Engineer: 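Sharing a structure, written as structure tokens. Questions coming.
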Amino acid sequence: MQQTVCQNGEPPVTWRDVTEPSIAELQAIALEYGIPASIVQDCLDPEHLPKHEKFGETTFLILRVYDVAASEAAGTVQELTRKIAIFFRGDLVLTIHRVDLPVIAALRERFGGPGAGCGPLVLLATLGNGVLDSYEKPLQQAEDALDHYEEGLFNPTLKTPSLQKIHLLKRRVSLIKRMLWQSHSVIQRLTPTGERSQSVYQDLKENAESYHFWADQLLEEVQNLLSMHVALASHRTSEVMRVLTIFSAFFLPLTFIVGIYGMNFDFMPELSKRWGYPAVLGFMAVVSAVIYFWFRRRGWLKLSSR
């Protein structure tokens with residue numbers, strides 16, 4: 001589907017938006033606007049990452065916008081984002097994408113109304129900011145999930161987050177950071193022309209840097225959380241081994257004594273004594289008490305907090 005969204009602005013610019021084009025439609029567009037065949041192939045490739053390319057007076061951009069319909073288990077760039085191909089020159093902005101996107105729909109509503117100016121500078125900057133802003137909600141969701149997982153590690157009333165959930169969160173934030181970094185690199189290569197352009201592009205670049213810094217910080221915190229989760233699991237294992245070791249320390253001397261008196265020799269001390277059995281039991285109780293007070297004095301019986 002092709003539609004001309006606006007044909008006005010200062011200077012005058014035409015914005016054509018193409019959704020789910022066929023190969024024939026793309027070839028016709030390439031012929032109409034003098035776009036090389038290799039560039040058209042990039043428009044058809046759903047796995048293409050953000051890029052910047054310039055041929056003649058036309059600038060070709062590929063940006064990837066966050067897909068609001070992506071599942072929580074999405075683990076690849078193609079599952080998490082959607083591609084937008086943008087051709088830009090002084091009098092033309094051409095956007096090509098496979099499905100209709102909320103970012104593009106919002107721009108059509110803003111610039112497609114009567115009397116709405118869609119200058120090339122404002123249109124391109126608004127489109128770039130829209131792509132970047134699409135990552136705000138998933139980043140905020142990741143930050144909220146991270147806070148919840150961190151609280152669950154140390155709050156005994158909450159369920160401890162599973163290692164799988166933390167890993168999925170790490171993968172998602174890592175993919176978002178990667179897309180923001182590549183988008184930032186593309187935006188950095190845009191060349192402003194004029195004082196007004198420098199101001200608008202600078203705002204776009206600062207927005208890209210801000211989102212990339214946010215994603216980078218979240219990724220570092222998720223990695224710390226992952227390391228903390230592994231460390232706590234190792235700590236709990238050590239606690240279990242410590243308890244088992246303490247029990248072994250109690251029963252080892254008692255087992256030794258019982259083993260001696262279980263040898264059933266005819267001539268053994270105290271076998272013929274009336275007080276032999278209670279004496280051995282008392283001796284075993286004394287040994288246990290000595291071990292208990294020794295462990296307690298060294299602090300080995302204290303239970304560590306979660």
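Quick caveat: nothing in here was measured; it's all calculated off a predicted structure.
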Engineer: Do E25 side-chain atoms and S22 backbone N/O form a donor-acceptor pair below 3.5 Å?
Structural biologist: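 Here the side-chain-to-backbone pair exists.
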
Engineer: May I ask you to test the I176-L219 pair for a side-chain heavy-atom distance under 4.5 Å?
Structural biologist: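 Side-chain contact under 4.5 Å: no.
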
Engineer: Quick one: closest heavy-atom pair of P50 and M179, and the distance?
Structural biologist: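 Of all heavy-atom pairs spanning P50 and M179, the closest is CD-SD, 4.1 Å.
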
Engineer: Take a 6.0 Å sphere around NZ of K54 and say whether it holds more than 12 heavy atoms from other residues, nucleotides or ligands.
Structural biologist: yes

Engineer: Judged by atom type as modelled, is there a donor-acceptor pair below 3.5 Å linking the side chain of S174 to the main-chain atoms of K170?
Structural biologist: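 It does not hold such a pair.
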
Engineer: I need the E143 CD to L169 CG distance, nearest 0.5 Å.
Structural biologist: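 These two atoms lie 11.0 Å from each other.
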
Engineer: Mind checking whether Y292 and W294 sit in one hydrophobic cluster, side chains of I, L, V, M, F, W, Y counted as touching below 4.5 Å?
Structural biologist: yes

Engineer: Is F251 atom CZ crowded by more than 12 heavy atoms from other residues, nucleotides or ligands, each under 6.0 Å away?
Structural biologist: no

Engineer: Can you name the nearest heavy-atom pair linking H184 to A208, along with the distance?
Structural biologist: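 Heavy-atom minimum between the residues: CD2-CB, 3.7 Å.
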
Engineer: Measure the CG-CG distance between L94 and D17 for me, rounded to the nearest 0.5 Å.
Structural biologist: 8.5 Å

Engineer: Would you indicate whether K51, at its atom NZ, is surrounded by more than 12 heavy atoms from other residues, nucleotides or ligands within a distance under 6.0 Å?
Structural biologist: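 Result for NZ/K51: enclosed.
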
Engineer: Please give me the minimum heavy-atom distance between G34 and F55, naming the atom from each residue.
Structural biologist: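 The answer is O-CE1, 4.1 Å.
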
Engineer: Is it true that V222 and L168 fall in one hydrophobic cluster, defined by side-chain heavy atoms closer than 4.5 Å?
Structural biologist: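 In one cluster: no.
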
Engineer: Indicate yes or no: at least one non-hydrogen side-chain atom of H52 is less than 4.5 angstrom from one of Q182.
Structural biologist: no

Engineer: To the nearest 0.5 Å, tell me how far Q217 CD sits from K177 NZ.
Structural biologist: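 These two atoms lie 11.5 Å from each other.
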
Engineer: Charged N to carboxylate O under 4.0 angstrom, D100 versus R82?
Structural biologist: no

Engineer: Would you say the side chain of F256 lies within less than 4.5 Å of the side chain of L252, judging by non-hydrogen atoms?
Structural biologist: no

Engineer: With under 30° as parallel and over 60° as perpendicular, where do the rings of F60 and F87 fit, or are they tilted in between?
Structural biologist: parallel

Engineer: Less than 4.0 angstrom from a charged side-chain N to a carboxylate O is my criterion; do R16 and E32 meet it?
Structural biologist: yes

Engineer: Tell me whether the count of non-hydrogen atoms from other residues, nucleotides or ligands lying under 6.0 Å of CD in E57 goes above 12.
Structural biologist: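 Counting other residues, nucleotides and ligands, CD of E57 stays at 12 neighbours or fewer.
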
Engineer: Tell me, do L107 and W15 make a side-chain contact under 4.5 Å, heavy atoms counted?
Structural biologist: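 Yes; the side chains approach each other to less than 4.5 Å.
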
Engineer: For F88 and L61, what are the C-alpha separation, side-chain angles and deciding distance, and is it a side-chain contact (heavy atoms from CB on, under 4.5 Å)?
Structural biologist: CA-CA 8 Å; F88 167 75; L61 305 177; 5.9 Å; no

Engineer: Can you see which heavy atom on R64 is nearest to which on Y135, and at what distance?
Structural biologist: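 Looking at all heavy atoms of both residues, the shortest contact is O-OH, 2.6 Å.
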
Engineer: Other residues, nucleotides and ligands only: do more than 12 of their heavy atoms fall within 6.0 Å of CD1 on I23?
Structural biologist: no

Engineer: Is it possible for you to say whether V99 and I104 belong to one hydrophobic cluster, with membership spreading through side-chain heavy-atom contacts below 4.5 Å?
Structural biologist: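 Yes; tracing contacts between hydrophobic side chains, which count when under 4.5 Å, links both residues.
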
Engineer: So, N129 side chain and A125 main chain: donor-acceptor pair closer than 3.5 Å or not?
Structural biologist: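 Side chain of N129 to backbone of A125, a donor-acceptor pair under 3.5 Å: yes, one is there.
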
Engineer: Kindly indicate, with the supporting measurements, whether the criterion side-chain contact (heavy atoms from CB on, under 4.5 Å) is fulfilled by D133 and Y211.
Structural biologist: CA-CA 8 Å; D133 291 342; Y211 276 110; 2.8 Å; yes

Engineer: Should H229 and L163 count as side-chain neighbours, where that means a heavy-atom distance under 4.5 Å?
Structural biologist: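 H229 vs L163: side chains touch.
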
Engineer: Starting from the C-alpha separation in whole Å, work towards a yes-or-no answer on side-chain contact (heavy atoms from CB on, under 4.5 Å) for H48 and K83.
Structural biologist: CA-CA 8 Å; H48 215 296; K83 187 187 74 173; 4.1 Å; yes

Engineer: Side-chain contact test, heavy atoms from C-beta onward, threshold under 4.5 Å: evaluate it for F283 versus I257 and give yes or no.
Structural biologist: yes

Engineer: Roughly how far apart are T58 OG1 and E53 CD, rounded to 0.5 Å?
Structural biologist: 11.0 Å

Engineer: Kindly indicate, with the supporting measurements, whether the criterion side-chain hydrogen bond (donor to acceptor under 3.5 Å, both in side chains) is fulfilled by E220 and N224.
Structural biologist: CA-CA 6 Å; E220 182 178 355; N224 291 337; 4.6 Å; no

Engineer: Quick one: pull up OG1 in T255 and CE in M284 and give me the separation to the nearest 0.5 Å.
Structural biologist: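 Here the rounded value is 7.5 Å.
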
Engineer: Decide whether D67 and T81 meet the rule of one side-chain donor and one side-chain acceptor closer than 3.5 Å.
Structural biologist: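 No, because no side-chain N or O of D67 sits under 3.5 Å from a partner of the opposite role on T81.
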
Engineer: So do V77 and E47 actually touch side chain to side chain, heavy atoms under 4.5 Å?
Structural biologist: no

Engineer: Do L226 and Q223 pass the side-chain contact (heavy atoms from CB on, under 4.5 Å) test, and can you show the C-alpha distance, the side-chain angles, and the key distance before you say yes or no?
Structural biologist: CA-CA 5 Å; L226 195 60; Q223 289 174 337; 5.5 Å; no

Engineer: Is there a path of hydrophobic side-chain contacts, each under 4.5 Å between heavy atoms of I, L, V, M, F, W or Y residues, that connects L139 with L225?
Structural biologist: yes

Engineer: Can V230 be reached from M228 by stepping across I, L, V, M, F, W or Y side chains whose heavy atoms are under 4.5 Å apart?
Structural biologist: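 Result: yes, single cluster for both.
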
Engineer: Of all heavy-atom pairs between I291 and P253, which one has the smallest distance, and what is that distance?
Structural biologist: CD1-CG, 3.5 Å

Engineer: Hey, could you give me the NZ/CG distance between K205 and L132, rounded to the nearest 0.5 Å?
Structural biologist: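 Rounded to the nearest 0.5 Å, the NZ-CG separation comes to 13.0 Å.
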
Engineer: Any non-hydrogen side-chain atom of I84 less than 4.5 Å from a side-chain atom of I62?
Structural biologist: no

Engineer: Identify the two heavy atoms, one from I86 and one from T95, that lie closest to each other, and give their separation to 0.1 Å.
Structural biologist: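 That would be CG1-CG2, 4.3 Å.
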
